[in-house]
There are 2 protein chains.
Amino acid sequence: MRRVRGEGNEGQVGTVDGESQPGGASGTRRRAARPRQGASMADVAQLAGVSSQTVSRVSNGFPGVTEDTRAQVLAAMRELGYRPNSAARALRRGEFRTLGVITFSLSTMGNIRTLEAIATSAAEHGYAVTLLPVAVPTQDEVNGAFSRLGELAVDAVIVIMEIHLLDAATVSLPPGVQVVVADSDAGDRYTVVDTDQAGGARDAVRHLLDLGHDTVWHLAGPEGSFAAQRRANAWRDTLRAAGRVTPPLVRGDWSAESGYRAGLLLADEPDCTAVFTANDQMALGLLRALHERGRRVPDDVSVIGFDDIPESASFLPPLTTIHQDFAEVGRLCVEGVLSKMRQDGAEHGTTLVPTRLVRRASTARRAG
Amino acid sequence: MRRVRGEGNEGQVGTVDGESQPGGASGTRRRAARPRQGASMADVAQLAGVSSQTVSRVSNGFPGVTEDTRAQVLAAMRELGYRPNSAARALRRGEFRTLGVITFSLSTMGNIRTLEAIATSAAEHGYAVTLLPVAVPTQDEVNGAFSRLGELAVDAVIVIMEIHLLDAATVSLPPGVQVVVADSDAGDRYTVVDTDQAGGARDAVRHLLDLGHDTVWHLAGPEGSFAAQRRANAWRDTLRAAGRVTPPLVRGDWSAESGYRAGLLLADEPDCTAVFTANDQMALGLLRALHERGRRVPDDVSVIGFDDIPESASFLPPLTTIHQDFAEVGRLCVEGVLSKMRQDGAEHGTTLVPTRLVRRASTARRAG
DNA sequence: CCAGTGGATGTTTACGTAAACATTGCCTAG
DNA sequence: CTAGGCAATGTTTACGTAAACATCCACTGG
């Protein structure tokens, strides 16, 4: 963990401009202790020769200000480099215009894309996004995050997290703080936005059955994950509905490495001609294992993934997969939480975002 | 963009608990307009029978409070569910305890990992992180982000961005807001934390030369990227220093797809026995192209990547690559910005984080 | 020519916290 | 026995903004 200093020197050289006197025009009463902090409304008001309330009106684009006055105030603002103090504003207005996002480890592509969409969408609505990472997904950590959140300057919260831990979390949010949960279950207790996991999984299985495979094996995600659980359930249900035998479920942990290990097992199953993998990363590992064991994809085994990460088009072979619209999930999270803020006591429920089958080269009609 | 409502009904059913009266004990003067907002220091003080200043002392863990009094105050806090109002706190203290992070598109794995490390590290220092996404990487957007940032409640800013756009950005930050730039150049004008791109690239090229290859081809990242530029420069310099001929540079855009296209080209170059790819995603595409064209890796062609994304261990074959310590970059960004905040007029400079060569199966001694 | 009207602007106040200063009361040293 | 000191606690005030209310003034209609 060493670090290399670029140019070596760390002298304490000059240019300490921190305390340059604000040239006569502006601040009359400037505290000496704190060198920072820009001009306030009062400063602008003084320079523009109006009251601070008029400055406030201009700052907020309110009506009732002459075009002349407005221009004058704007000029004064520019001259002083005025920035509204968001702390004072928040205190006064009683809202922060900020959404908190709780998530642990941005390790999965889905969470990241969702987060990105949340940030973008929030910005469009004039909201900032504060990130609250949960280091280790333990109950304590989750509780801790919620507790820290209480002191955080947020108006509402979006949780991107396997619900299992949320379940028992001692959620003690400040009153009036709304919550929306992404990528989860529990529509009865929270407002949830999620990908249509079941629909996607069903499409994946049907696709393989339609290609003439007798049945479909499933490489599932970790037990703790609700998404994994729902995909696995849908896989089982779809097979049953089609009257097929259900092969034993193989479990991974979302990682390519776990997919590889599972693939080594599946390669030895002669009956296994079609695999539905619960995410693309595991599919990658699975492809490697099958390749190593000489099982050709898609000639001997068809593989379908879930997520449609950008790289999946470049797998060997390019992966057929179920596309998730994470951006839409993120967008709906923001919409949902904002709408809940408007009409306070809105009831819970689940909003599902549809998936889409992306056909590439890893699935084919069953040989023979 | 349709959306499917989970269970179909959207009735306006009951359980409107939003307006439950705060049981007699607490708020005496509660404004009717806003149902939200919890107890304030004054409320706690009244219940505990002390002054609000004492509550403040307890809240901030200051000395000069009897154990008895402290306990009483804490009890009152618990009873009322008191949360310090961070807006008021920020206003009073003149700091938000929040870092702003500007980044566009969390598309690259590196940015994400860096962001994650920043969030974690900031949390350890008692700072929150506010995300400021820049939708399209245009000059206007970047300027806009910086301008929005001005109104944002942040004490300092970390920029994760190709410096090219930062270059000309009309950066007009509020006075006293420090900036640290990650993954960039420009140590002369900003404080920069970055991976040792040059060192990593040099190691990659040398590794291939050591394996007996006459020279090394380079699949570079997009022109606009400083990281890409520095890796390409180091590649060229290392070849020259070793007295080898420098093959023409092939350019991609970081995506696996672009790596595939480049790979189709390189596969037709009979002299090409070793390729240094500027990131792992492009290496993935390259591997696919080489495979399709019947060029075996590593028997015919050796390939080395950059980044060491988790999936690279599961490529076909597992990818030899240069590991970047994004977590360390993020951590150092936070340390740097906090230290700059403490000693205001600190000078600029670049901090480099070393890389590490990870040997896997995609590189081998040159055949023949 | 004057009361009435409404738009433009100013004044007062409160938001919740914490620094600075003020007060209380107890204990100890002279 | 009292002055001095110090620890515990209380009181006042300011942070920057914006809602609520107050004022001013020009113009209109009778």
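Throughout, protein chains are lettered first and strands after them, A, B, ... in sequence-line order, and every chain is numbered starting at 1.
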Among [options], the nucleotide that comes nearest once only the side chain of [X] is considered:
X       : options                : answer
A:Ser40 : D:dT9, D:dG16, D:dG10  : D:dG16
A:Phe62 : D:dA18, D:dA19, D:dG16 : D:dA19
A:Pro84 : C:dC15, D:dA20, D:dT17 : D:dT17

Heavy atoms under 4.0 Å, any strand shown: does [X] hit a base, just sugar-phosphate, or nothing?
X       : value
A:Val50 : sugar-phosphate
A:Ser59 : nothing
A:Ser56 : base
B:Val65 : sugar-phosphate
B:Pro63 : nothing

Exercise. Report yes or no: do B:Thr130 and A:Thr130 form a side-chain donor-acceptor pair below 3.5 Å?
Key: yes
Practice problem: Go through the side-chain N and O atoms of B:Ser40 and B:Arg83 and say whether any donor and acceptor fall under 3.5 Å apart. | Solution: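 No pair is found: no donor N or O on one side chain lies under 3.5 Å from an acceptor on the other.
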For the student: nearest non-hydrogen atoms of [X] and [Y], plus distance:
X        : Y        : result
B:Tyr127 : B:Leu99  : CD2-CD2, 3.8 Å
B:Val329 : B:Val193 : O-CG1, 3.7 Å
A:Ala117 : A:Arg331 : CB-N, 4.2 Å

[N] phosphate, OP1 or OP2: any side-chain N/O from [X] under 4.0 angstrom?
X       : N      : result
A:Thr66 : C:dG7  : no
B:Arg89 : C:dT17 : no
A:Ser52 : D:dT17 : no
B:Asn85 : C:dC15 : no

Separation of [N] [atom2] from [X] [atom1] (nearest whole Å):
X       : N      : atom1 : atom2 : value
A:Gln53 : C:dT9  : CD    : P     : 12 Å
A:Leu91 : C:dA18 : CG    : P     : 12 Å
B:Glu95 : C:dT17 : CD    : C1'   : 13 Å
B:Met77 : C:dG16 : CE    : P     : 15 Å
B:Arg92 : D:dT13 : CZ    : P     : 13 Å
A:Arg83 : D:dC15 : CZ    : C1'   : 20 Å
B:Phe96 : D:dC15 : CZ    : P     : 15 Å
A:Asp43 : D:dG16 : CG    : P     : 8 Å

Quiz item: Hey, does the Lys NZ or Arg CZ of B:Arg57 hover above the aromatic six-ring of B:Phe62, less than 6.0 Å from the centre and inside 45° of the axis?
Solution: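 No - B:Arg57 does not lie over the ring of B:Phe62 by the 6.0 Å and 45° rule.
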Quiz prompt | Contact nearer the 5' end of DNA chain C, comparing A:Thr69 with B:Ala88 | solution = A:Thr69
Quiz item: Where each residue is assigned the nucleotide of DNA chain D containing its nearest heavy atom, which of A:Arg57 and A:Met41 is assigned the position nearer the 5′ end?
Solution: A:Met41
